[in-house]
Amino acid sequence: MDGFVLTIDKDKFRSTNDEWNNLMLNDPWSVGYVSILIKKKKWEDKEEWEETYYASGNIRNRYIQGREELFNDITIPYPYNKEKYYALKWDEKKINMYKGRTKEDFQEKGRILYNAVKNNGFGLTLEECIECVRFRVICETWNGIILREYNTKGTLQTHFPDLTVKEVFGENDYIYAVDLEFFKEERLLCAIQVKPISYLIGKAPYLMKARMANLKKNNAYTQKFKVPVFTIASEESGEIFNRDILLKIKQLL
């Protein structure tokens, strides 16, 4: 399985980080819950993921026809415009949260980003800003979730050749925040949540909130299936940082 490669200068790409976040272009209201969308199924390759995301965006655009201004308003996510957000019904919110975007939508987000960074000293072009949007939404999501999990699974299988490591997709991944399950023959031993090292050590409020939310989901998994859930921090290559988890898995044998 291969990953996406950044095709523009890395320094130019990094120079857009702050504005990408400040403008809330990364918010699920803007691009959908990409971490949920990408775990809905097992993809044949990265190209299938990208095309499916765009196709989902076409479906979204049919839903919002005539109300594009509201649903494309990047100032609406909480806490920017609480009144507009809270006034929407859940079915309306889901249109933005659980659908992708089109290539044309990316072009518009690229223009917003370009207008914010065009004078930052890095000489960014509009085309490069559009590619920054695509790479963050499509490529980093693939590399950071699917590729990391795939390679981490391979690393774990190397350490535990007599066990079966299965990937978790769809509803169970969302409900319980688990990515892999360990089996000894037919017996479930434990589940694994795969994350980057920043997830474990980061102090940003959104990371702390995510850890608390996922802990509740992991506890629900343990309560239902009577096995522990471990969080493994790894590189996209599959290299594991917190190797103490490997010992905890061995103790379950």
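The shown structure was predicted, so the numbers you read here are calculated from the model rather than taken from an experiment.
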S.K.: I need the minimum non-hydrogen distance between Ala177 and Asn218, along with the two atoms involved.
M.R.: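 Taking Ala177 first and Asn218 second, the nearest heavy atoms are O-ND2, 3.2 Å.
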S.K.: Hey, what do you get for CD (Glu68) to CG (Asp105), rounding to the nearest 0.5 Å?
M.R.: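 So the gap between those two atoms works out to 10.0 Å.
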S.K.: Validate the cation-pi geometry between Lys41 and Phe169: distance from NZ or CZ to the six-membered ring centre under 6.0 Å, angle to the ring axis within 45°.
M.R.: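 No - Lys41 does not lie over the ring of Phe169 by the 6.0 Å and 45° rule.
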S.K.: From Trp43 CH2 over to Trp49 CH2, what is the distance, rounded to the nearest 0.5 angstrom?
M.R.: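 Going from CH2 on Trp43 over to CH2 on Trp49, the span is 6.0 Å.
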S.K.: With sequence neighbours left out, write down each residue that passes side-chain contact (heavy atoms from CB on, under 4.5 Å) with Asp162, or none if nothing qualifies.
M.R.: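 side-chain contact (heavy atoms from CB on, under 4.5 Å) list for Asp162, sorted by chain: empty.
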S.K.: Going by salt bridge (Lys or Arg N to Asp or Glu O under 4.0 Å), name the residues that satisfy it together with Lys94, two or more places apart in sequence or in a different chain.
M.R.: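 Asp91.
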S.K.: By the side chain to side chain donor-acceptor pair (under 3.5 Å) test, which pairs, at least two apart or in different chains, include something from residues 233-252?
M.R.: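 Side chain to side chain donor-acceptor pair (under 3.5 Å) check on residues 233-252 returns Thr152-Ser234.
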S.K.: Where the side chain of Glu92 meets the backbone of Lys89, is there a donor-acceptor pair that is under 3.5 Å apart?
M.R.: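 Answer holds: yes.
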S.K.: Quick one: are Ile145 and Glu149 in side-chain contact, heavy atoms under 4.5 Å?
M.R.: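 When only atoms from C-beta onward are counted, Glu149 and Ile145 do touch, with a gap below 4.5 Å.
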S.K.: Would you please name every residue forming a side-chain hydrogen bond (donor to acceptor under 3.5 Å, both in side chains) with Ser56, sequence neighbours left out?
M.R.: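 By the side-chain hydrogen bond (donor to acceptor under 3.5 Å, both in side chains) rule, Ser56 matches no residue at all.
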S.K.: Could you tell me the separation between the OG1 atom of Thr141 and the CG atom of Leu37, rounded to the nearest 0.5 Å?
M.R.: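 Rounded to the nearest 0.5 Å, the OG1-CG separation comes to 9.0 Å.
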S.K.: Apply side-chain hydrogen bond (donor to acceptor under 3.5 Å, both in side chains) to Thr155 and list each qualifying residue two or more places apart in sequence or on a separate chain.
M.R.: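 Residues passing side-chain hydrogen bond (donor to acceptor under 3.5 Å, both in side chains) with Thr155: none at all.
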S.K.: Under 3.5 Å, is there a donor-acceptor pair between the Gln193 and Tyr221 side chains?
M.R.: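 Result is no, nothing qualifies.
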S.K.: Show me the donor-acceptor pairs within less than 3.5 Å that the side chains of residues 111-124 make with the rest of the protein, sequence neighbours left out.
M.R.:
residue : atom : partner : partner atom : Å
Arg111  : NH1  : Glu108  : OE1          : 3.3
Asn115  : ND2  : Arg111  : O            : 3.2
Asn120  : OD1  : Phe122  : N            : 3.0
Asn120  : ND2  : Ser15   : OG           : 3.1

S.K.: Can you give me the closest heavy-atom contact between Ile38 and Ser35, atom names plus distance?
M.R.: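 Between these two residues, the closest heavy atoms are CG2-O, 3.7 Å.
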S.K.: Tell me whether Tyr98 shares a hydrophobic cluster with Tyr85, the cluster being built from Ile, Leu, Val, Met, Phe, Trp, Tyr side chains joined at under 4.5 Å.
M.R.: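 Same cluster: Tyr98 reaches Tyr85 through Ile, Leu, Val, Met, Phe, Trp or Tyr contacts under 4.5 Å.
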S.K.: I need the Leu188 CG to Thr164 OG1 distance, nearest 0.5 Å.
M.R.: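 Reported to 0.5 Å precision, the distance equals 11.5 Å.
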S.K.: Pairs of donor and acceptor atoms involving the side chains of residues 127-137, under 3.5 Å and at least two apart or interchain, shall be tabulated with distances.
M.R.:
residue : atom : partner : partner atom : Å
Glu128  : OE1  : Lys12   : NZ           : 3.3
Glu128  : OE1  : Thr125  : N            : 2.9
Glu128  : OE1  : Thr125  : OG1          : 3.4
Glu128  : OE2  : Lys12   : NZ           : 3.0
Glu131  : OE2  : Arg134  : NH1          : 2.9
Arg134  : NE   : Glu50   : OE2          : 2.8
Arg134  : NH2  : Glu50   : OE1          : 3.3
Arg136  : NH1  : Thr16   : OG1          : 2.9
Arg136  : NH2  : Phe13   : O            : 3.2
Arg136  : NH2  : Thr16   : OG1          : 2.9
Arg136  : NH2  : Asn17   : OD1          : 2.4

S.K.: Go through the structure and list residues passing side-chain hydrogen bond (donor to acceptor under 3.5 Å, both in side chains) with Asp27, not counting sequence neighbours.
M.R.: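 By the side-chain hydrogen bond (donor to acceptor under 3.5 Å, both in side chains) rule, Asp27 matches no residue at all.
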S.K.: Taking salt bridge (Lys or Arg N to Asp or Glu O under 4.0 Å) as the test, write out the residues that go with Lys42, two or more places apart.
M.R.: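 For Lys42, the residues satisfying salt bridge (Lys or Arg N to Asp or Glu O under 4.0 Å) (neighbours in sequence not counted) are Glu167.
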S.K.: Roughly how far, to the nearest 0.5 Å, is the CD atom of Glu44 from the CE atom of Met1?
M.R.: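 Answer for the CE-CD pair, Met1 versus Glu44, is 9.0 Å.
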S.K.: Which residues end up grouped with Phe182 if you chain together Ile, Leu, Val, Met, Phe, Trp and Tyr wherever their side-chain heavy atoms are less than 4.5 Å apart?
M.R.: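 Members besides Phe182, by chain and number: Leu156, Phe160, Leu163, Val165, Leu180, Leu189, Ile192, Val194, Phe230, Ile232, Ile240, Ile245, Leu246, Ile249, Leu252, Leu253.
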S.K.: Tell me whether Ile138 is reachable from Ile36 by hopping between hydrophobic residues (I, L, V, M, F, W, Y) whose side-chain heavy atoms are closer than 4.5 Å.
M.R.: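 No.
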S.K.: For Asn172, enumerate each residue passing the side-chain contact (heavy atoms from CB on, under 4.5 Å) test, keeping only those at least two apart in sequence or located in another chain.
M.R.: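 Once residues adjacent in sequence are excluded, the partners of Asn172 under the side-chain contact (heavy atoms from CB on, under 4.5 Å) criterion are Val168, Tyr176.
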S.K.: Give the minimum heavy-atom separation between Pro161 and Thr158, together with the two atoms involved.
M.R.: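 For Pro161 versus Thr158, the nearest heavy atoms are CD-O, 3.5 Å.
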S.K.: Does Lys99 make a cation-pi contact with Tyr63, if we ask for NZ or CZ under 6.0 Å from the ring centre and within 45° of the axis?
M.R.: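 Negative - Lys99 is either too far from the ring of Tyr63 or too far off its axis.
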S.K.: Checking one residue: Met24. Which other hydrophobic residues are in its cluster under the side-chain 4.5 Å linking rule?
M.R.: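 Via sub-4.5 Å side-chain contacts, Met24 links to Tyr80.
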S.K.: Return the minimal non-hydrogen interatomic distance between Ile74 and Ser30, and the atom names on each side.
M.R.: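 Taking every non-hydrogen atom into account, CG2-OG, 4.5 Å.
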S.K.: Any chance you could measure Leu88, atom CG, to Leu70, atom CG, to the nearest 0.5 Å?
M.R.: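 It comes to 5.5 Å.
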S.K.: Provide the closest heavy-atom pair for Trp29 versus Phe71 in the form atom of the first, atom of the second, distance.
M.R.: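 In terms of heavy atoms, the two residues are closest at NE1-O, 3.7 Å.
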